[in-house]
2 protein chains.
Amino acid sequence: MKIEDVIQSKAMSLPTKTVINMAYTSSMVEETILAILKPYDLSIQQYNVLRILRGQKGNPANLSTIQERMVDRNSNTTRLVDKLIKKGWVRRQICKNNRRKVEIFITEKGMETLQELDPLTEGNNKALLDNLSETELDTLNRLLDKLRKDEH
Amino acid sequence: MKIEDVIQSKAMSLPTKTVINMAYTSSMVEETILAILKPYDLSIQQYNVLRILRGQKGNPANLSTIQERMVDRNSNTTRLVDKLIKKGWVRRQICKNNRRKVEIFITEKGMETLQELDPLTEGNNKALLDNLSETELDTLNRLLDKLRKDEH
DNA sequence: ATACAAATATTGTAATAACAAATATGAAGA
DNA sequence: TCTTCATATTTGTTATTACAATATTTGTAT
């Protein structure tokens, strides 16, 4: 559907149109990912936490570190981790140096789940974006980075 | 924050990196909008419904029409509309031709609320995207459209 | 030491989203 | 007409999110 059909107004400013376009596109993309995760009884946020922990390459991550890196910061990380623990995919322990902190590790079982999911989400993302060339993907990333005012 | 810091992995494929970048950026943008709507006790979805109804230019919209146009299709439109009715911003009546259908109108009060919000969200969106030139915004929109496989 | 503020995480709760099931109406054919 | 299927919405239920309040531990200044 064209974004003009969605917003039903040609009078909308370019920035506002862009914001709606992003939200709309991003939501469409998320729907497809959700469909892949559903058989694993995994929410997108839980999946993101697992991937963040894998990115730690064996080191634990504090709750606050996870929260910083999460795509959507507003969810409740404690309870998110609870769910992952219940599934045996992560492990939690109190930080020795600073007992206010909590260290979270991904388990072997969690790694295996991610490895099982990798080809599925990779395939999905590739198919989703197959209309864009590599150059266009680079441009899109660059524009998004610039939008967020990344220092290139 | 650079998207590489978020995903913590240089090995990620370009499509997957792009998907994460979009989700991350879009979520950041939504946070700012949410902050604006909060004093009006309005969720983003409720706000979207109001704007969809305004786009009807006096004509009512069926629930199914609203649902089609909504950015996030999964929410429960019936109860979303309930909330807006409670605030006096929309009106609901059963369609005469087809009593299965429901017609939803925006009220004068709803229009006034939107008009009050317009400059706030416009200002927000403009400030959010002020790092991108008009050409870059056009490119971004074009790439998002193409990603969604719009027939240009 | 003590008091007080800051950092970190958990818990409580109300609102919203996700999903399935139920209801009501309409359309089409035996 | 009766049955059956399709459409449109509502309702019920559980999970998740949003946000505020509450510990607990640590750091710092007196």
Side-chain angles (χ1 to χ4, degrees), chain A residues 23 26-28 30-50 52-53 60-87 90-105, chain B residues 23 26-28 30-50 60-87 90-105:
Chain A
S26 175
S27 167
M28 193 199 82
E30 281 207 359
E31 268 179 40
T32 67
I33 297 175
L34 207 57
I36 291 173
L37 299 182
K38 212 190 158 188
Y40 292 79
D41 187 31
L42 200 58
S43 74
I44 289 187
Q45 299 295 21
Q46 287 172 27
Y47 181 51
N48 286 335
V49 169
L50 277 184
I52 288 167
L53 291 175
N62 300 323
L63 253 200
S64 52
T65 309
I66 294 178
Q67 211 153 19
E68 259 174 35
R69 296 217 178 110
M70 274 177 68
V71 172
D72 189 342
R73 283 93 177 286
N74 285 323
S75 44
N76 191 320
T77 317
T78 297
R79 284 185 277 228
L80 243 167
V81 168
D82 284 346
K83 302 275 165 59
L84 293 174
I85 289 174
K86 203 176 278 177
K87 285 167 185 148
V90 311
R91 186 162 63 78
R92 172 161 49 192
Q93 72 181 31
I94 289 170
C95 179
K96 279 162 197 122
N97 304 331
N98 186 341
R99 284 177 305 164
R100 287 172 300 187
K101 292 191 180 181
V102 148
E103 289 175 334
I104 297 155
F105 304 75
Chain B
S26 176
S27 167
M28 195 199 80
E30 281 207 359
E31 267 178 40
T32 67
I33 298 175
L34 208 57
I36 292 174
L37 299 182
K38 211 191 160 187
Y40 293 80
D41 187 31
L42 200 57
S43 74
I44 290 188
Q45 299 295 19
Q46 287 171 29
Y47 181 51
N48 286 336
V49 169
L50 277 185
N62 299 324
L63 255 199
S64 50
T65 308
I66 294 177
Q67 211 153 20
E68 258 173 36
R69 296 217 177 111
M70 276 176 68
V71 172
D72 190 342
R73 284 93 178 285
N74 286 324
S75 43
N76 191 322
T77 317
T78 297
R79 283 185 277 226
L80 242 167
V81 168
D82 284 346
K83 303 274 165 57
L84 294 173
I85 290 175
K86 204 176 276 179
K87 285 167 185 147
V90 312
R91 185 163 63 77
R92 171 162 48 192
Q93 71 181 32
I94 289 170
C95 179
K96 278 161 196 122
N97 304 332
N98 185 342
R99 285 178 303 164
R100 285 172 302 187
K101 290 191 179 182
V102 147
E103 288 174 336
I104 297 155
F105 305 75

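A, B, ... follow the sequence lines: proteins, then strands. Residue 1 opens every chain.
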**Prompt:** Taking for each residue the nucleotide of DNA chain C bearing the nearest heavy atom, is the 5' side occupied by B:Arg99 or by B:Lys83?
**Reply:** B:Lys83

**Message:** Please report the distance, rounded to the nearest Å, between OH in B:Tyr47 and P in C:dT16.
**Reply:** 17 Å

**Prompt:** Quick one: A:Asp41 CG to D:dT16 P, roughly how many Å, whole number?
**Reply:** 7 Å

**Asked** What is the distance from CG of A:Leu34 to P of C:dC19, rounded to the nearest Å?
**Response** 6 Å

**Prompt:** Looking at A:Ser64, does any N or O in its side chain come under 4.0 Å of the phosphate oxygens OP1/OP2 on C:dA9?
**Reply:** yes

**Request:** Check every strand shown and say whether A:Thr78 touches a base, only sugar-phosphate, or nothing at a heavy-atom separation below 4.0 Å.
**Result:** base

**Asked** Whole-Å distance between D:dA8 P and B:Ile104 CD1?
**Response** 13 Å

**Request:** Would you kindly compare A:Asn98 and A:Gln46 by the position of their nearest DNA chain D nucleotide and give the one closer to the 5′ end?
**Result:** A:Gln46

**Polar pair under 3.5 Å, donor/acceptor by atom type, side chain B:Arg100, base D:dT7** = yes

**Item:** Gap between atom OG1 of B:Thr78 and atom CD1 of B:Ile66 - 0.5 Å precision
**Value:** 9.5 Å

**Request:** Examine distances only and state if a side-chain atom of A:Lys87 and a backbone atom of A:Asp41 form a donor-acceptor pair shorter than 3.5 Å.
**Result:** yes

**Atom-pair distance (NZ on A:Lys86; C1' on D:dT16), nearest Å** = 13 Å

**Item:** Phosphate-side-chain proximity, B:Arg92 and D:dA8, N/O vs OP1/OP2 below 4.0 Å
**Value:** no

**5′-ward residue of the pair A:Asn62/B:Asn97 relative to DNA chain C** = A:Asn62

**Message:** Minimum heavy-atom separation for B:Lys96 and B:Arg99, please, with both atom names.
**Reply:** O-CG, 4.4 Å

**Fill in**
Rounding to 0.5 Å, atoms CD1 (A:Ile85) and CZ (A:Arg79) come to a distance of 13.5 Å

**Complete:** Between the CD atom in B:Gln67 and the OG1 atom in B:Thr77, the distance rounded to the nearest 0.5 Å is 3.5 Å

**Message:** Rounded to whole Å, please give me the gap between CD in A:Gln67 and C1' in C:dT8.
**Reply:** 10 Å

**Item:** B:Ile94 CD1 - C:dG26 C1' separation (whole Å)
**Value:** 14 Å

**Prompt:** Rounded to the nearest Å, what distance is computed from the CZ atom of residue A:Arg79 to the C1' atom of nucleotide D:dT22?
**Reply:** 13 Å

**Message:** Is it the case that the base of C:dT11 and the side chain of A:Asn76 share a donor-acceptor contact (distance under 3.5 Å, atom types as modelled)?
**Reply:** yes

